[in-house]
K.L.:
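To start, I am sharing the structure in question, which I have written as structure tokens.
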Protein chains: 2
Amino acid sequence: MIKKRVSMKDIAQRLGISTALVSYVLNGKLSDRINKATASLVKDTAKEMGYQPNLLAKSLRNSKSYTIGLILADIANPFSAHLARIIEDEAKKSEYTVIFGSADESHLKFNDLVQTFLSRQVDGFIIAAVEGAEELLRSLKEQNIPCVLIDRYFSGIEMNAVTTNNYQVSYDGIMKLRQNGFNRIGMLHLKSSLTPMTERVRGYQDAVSKDNTYTGDRYLIGIDEPDLKLQVVSAIDQLVSRDEPVDALFFASNLLAMEGLIHIRNLNLRVPEDIGILCFDQSAAYNLFYCPLSYIEQPINEIGEQAVTILLNSIDNSELPVQDLVLESRLVMERSALKTS
Amino acid sequence: MIKKRVSMKDIAQRLGISTALVSYVLNGKLSDRINKATASLVKDTAKEMGYQPNLLAKSLRNSKSYTIGLILADIANPFSAHLARIIEDEAKKSEYTVIFGSADESHLKFNDLVQTFLSRQVDGFIIAAVEGAEELLRSLKEQNIPCVLIDRYFSGIEMNAVTTNNYQVSYDGIMKLRQNGFNRIGMLHLKSSLTPMTERVRGYQDAVSKDNTYTGDRYLIGIDEPDLKLQVVSAIDQLVSRDEPVDALFFASNLLAMEGLIHIRNLNLRVPEDIGILCFDQSAAYNLFYCPLSYIEQPINEIGEQAVTILLNSIDNSELPVQDLVLESRLVMERSALKTS
DNA sequence: CTGAAAGCGCTTACAG
DNA sequence: CTGAAAGCGCTTACAG
């Protein structure tokens, strides 16, 4: 059996005083009214006996668990993993613990996680929501449970959110490609109704349509996530074998870029001579590609930090107005986006 | 304010019965002795009122939190992130929740995490330990707190562990390189006293020393993690510019391989013509390198699953003997390990 | 300066 | 078939 851990009661008994007194001392409350000698005796004894407060009991009594629930799309995705790390670090600074789960784009898993975390009395949520989550989010809002949405934004619901300027940075990126001389720019995106993806597509569409270059959907292909590899391959095959083939590609996500670049290499297409490249999201992997790749870098650290800050504020004060923070991504232009012909 | 959540007491009052009865019904206990009508009434009312059990209270009462503490080296490392995902999934199947933290190779952070998690009354730990953790691990063992070590193994302490055959697979990998005709094989490893690294080095040393090819340390260079990038660059520069330069390189970790390959490409060394390559750990990034890379793949899924299984077993039954599971890694030989001259 | 007492939301041995 | 009561480890208003 696990050794019984020592409680305040144990300390109190050993010292022949009340648990109330032990509690006051150990929490530094009423310190002005407590006998200094008693106080230090209590502290010493606590240390000696290896006292560890039981946070479960504390939480139950205070109806505050100092726990935040983090729901991510997929912790195995580097973007999520990085975010998880920042959020855990940041939460810890304020003595909060993080419990987490991956929703894997499944509505059922998402609901399940929310319920589990509620049972565990989390003080609030940081959520990268999945499609079909609106109803549940609305109910969290109604119950006044502090939440911050990250990455994905639901326009119908007034909730705290930390997102990035997906539309603008995509637009800027494409315009930059155009200025650099590319004029048949294709885009691969994930079929998704969630804002980051839709906004990136919209940014692309507006940029390529500007001044009537061509209408936005001519070189635009949506990919189904479950069948990603195969579809990326055939999409690229298609785009490069047209009468007027693409001369540049914009990958709307990490994973798309990964698979796309592999195929481009297999096709022996030269970047940027045959095809220019722009990717959304940074990846350590890009460094292994022969041509320095251009990408759009979201400020992950800031997203994580701000999400925690906003959440903790709204836990402390439920009257705060809803915050909707849009951070700026950075456009990093490398050789893959320079026309050389 | 957060709306008060509904408790068993609320249900009991509404129905004019005792909370005991509510508890019995909702937990399916004593179900043979309870009036079916009352039972279904309770269940319906619970559902209608949106009852959510308070796991904090339950845990306090049962001295069991259904929580496991996961301590990783660094959640932002793909290997860890993947592991975290498996462990969370696997734990969830048994209704356990995971709380996690990154120790970042810091002894202090590690201690801190253990204390925090103990305060939260975790039922057990899954731990990728840091250097200098022995003492604390020993104390966990003394307190009979269920633990499973992963990835890193401490020979002095009898604890459950799930690791992989680092020595053997490294040995095999190097022997394979030799069979393929490489005979001046270098290795870059992290300076670390922890088993995975030391075992990989030992495997390399034994393999290159076999039949007196050369002694094991001639082409062996240790890298300090904080200064990894620069040191990898200068290590490689050194190894390839000797009178008898290396004709192959074994990278003992993901990160080393990443930086090393970038530099090899910058030097315009051809893989495998100028230099053969073998990497420890798989990485999605390898696919972007121009030459298919050989690597050693640890069975991450199995590590995670087994760790959870062993942990839950030892939570349920503290009398179980210590388990020390060594899983087999897989050697994946690609063109980077084929001598072509 | 200190203690007795109630209560957070649950479970369970005991009694009827 | 059901209820009263104690207790898990804490905190805190109240009394002295």
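Side chains are part of it too, since the values below use all heavy atoms of this structure and drop only hydrogens, waters and symmetry mates. So you know, we letter chains A, B, ... as the sequences are listed, proteins then strands, and number each from 1. Treat the numbers as computed from the prediction; the structure is a model and nothing was measured.
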K.L.:
Under 4.0 Å between a side-chain N/O of T19(B) and OP1 or OP2 of dG9(C), yes or no?
P.N.:
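For dG9(C), neither OP1 nor OP2 has a side-chain N or O of T19(B) closer than 4.0 Å.
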K.L.:
From CZ of R120(B) over to C1' of dG9(D), roughly how many Å is that when rounded to an integer?
P.N.:
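Computing the R120(B):CZ to dG9(D):C1' distance gives 15 Å.
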K.L.:
Using a cut-off of strictly less than 4.0 Å, decide whether K29(B) has a side-chain nitrogen or oxygen near OP1 or OP2 of dT11(C).
P.N.:
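No, K29(B) has no side-chain N/O under 4.0 Å of OP1/OP2 on dT11(C).
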K.L.:
Of all the choices, dT12(D), dC10(C), dT2(C), which nucleotide is nearest to the side chain of L21(A) once you look at every atom?
P.N.:
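Selected nucleotide (nearest to the side chain): dT2(C).
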K.L.:
Looking only at side-chain N and O atoms, does R120(B) offer a donor or acceptor that is under 3.5 Å from a partner on T67(A)?
P.N.:
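The answer is yes; a qualifying pair exists.
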K.L.:
Ignoring the backbone of S7(A), work out which of dT2(C), dC14(C), dC10(D) is nearest its side chain.
P.N.:
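So the nucleotide nearest the side chain must be dC10(D).
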K.L.:
How would DNA chain C look in dot-bracket form, 5' to 3', counting Watson-Crick and G-U wobble pairs with both distances under 3.5 Å and writing | for bases paired to another strand?
P.N.:
|||.||||||||.|||
K.L.:
In residues 45-67 of chain B, what residues come within less than 4.0 Å of DNA chain C, judged by heavy atoms?
P.N.:
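The stretch gives Y51(B), Q52(B), P53(B), N54(B), A57(B), K58(B), R61(B), N62(B) as the residues lying under 4.0 Å from the strand, ordered by number.
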K.L.:
In terms of relative ring orientation, are F125(A) and F117(A) parallel, tilted or perpendicular, with 30° and 60° separating the classes?
P.N.:
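F125(A) vs F117(A) ring planes: parallel.
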K.L.:
Can you figure out which of dT11(C), dC1(C), dC8(D) approaches the side chain of K9(A) most closely?
P.N.:
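The nucleotide sitting nearest to the side chain is dC8(D).
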K.L.:
If we ignore hydrogens and angles and just use 3.5 Å, is the side chain of D123(B) paired with the main-chain N or O of K64(B) as donor and acceptor?
P.N.:
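Such a contact is absent between D123(B) side chain and K64(B) backbone.
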K.L.:
dT2(D), dT11(D), dG3(D): which one has an atom nearest the side-chain heavy atoms of I17(B)?
P.N.:
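Shortest atom-to-atom distance from the side chain points to dG3(D).
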K.L.:
Quick one: closest heavy-atom pair of L136(A) and Q115(A), and the distance?
P.N.:
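Shortest heavy-atom separation between L136(A) and Q115(A) comes out as CD1-NE2, 4.2 Å.
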K.L.:
Would you say the side chains of D10(A) and Y51(A) form a donor-acceptor pair under 3.5 Å?
P.N.:
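The criterion, which ignores hydrogens and geometry beyond distance, is not satisfied for Y51(A) and D10(A).
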K.L.:
When you check the phosphate oxygens OP1 and OP2 of dA4(C), does a side-chain N or O of S18(A) lie under 4.0 Å from one of them?
P.N.:
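It does not, given that no N or O in the side chain of S18(A) lies less than 4.0 Å from OP1 or OP2 of dA4(C).
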K.L.:
Given atom CE of M8(A) and atom P of dG9(D), what is their separation to the nearest angstrom?
P.N.:
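Distance, rounded to whole Å: 12 Å.
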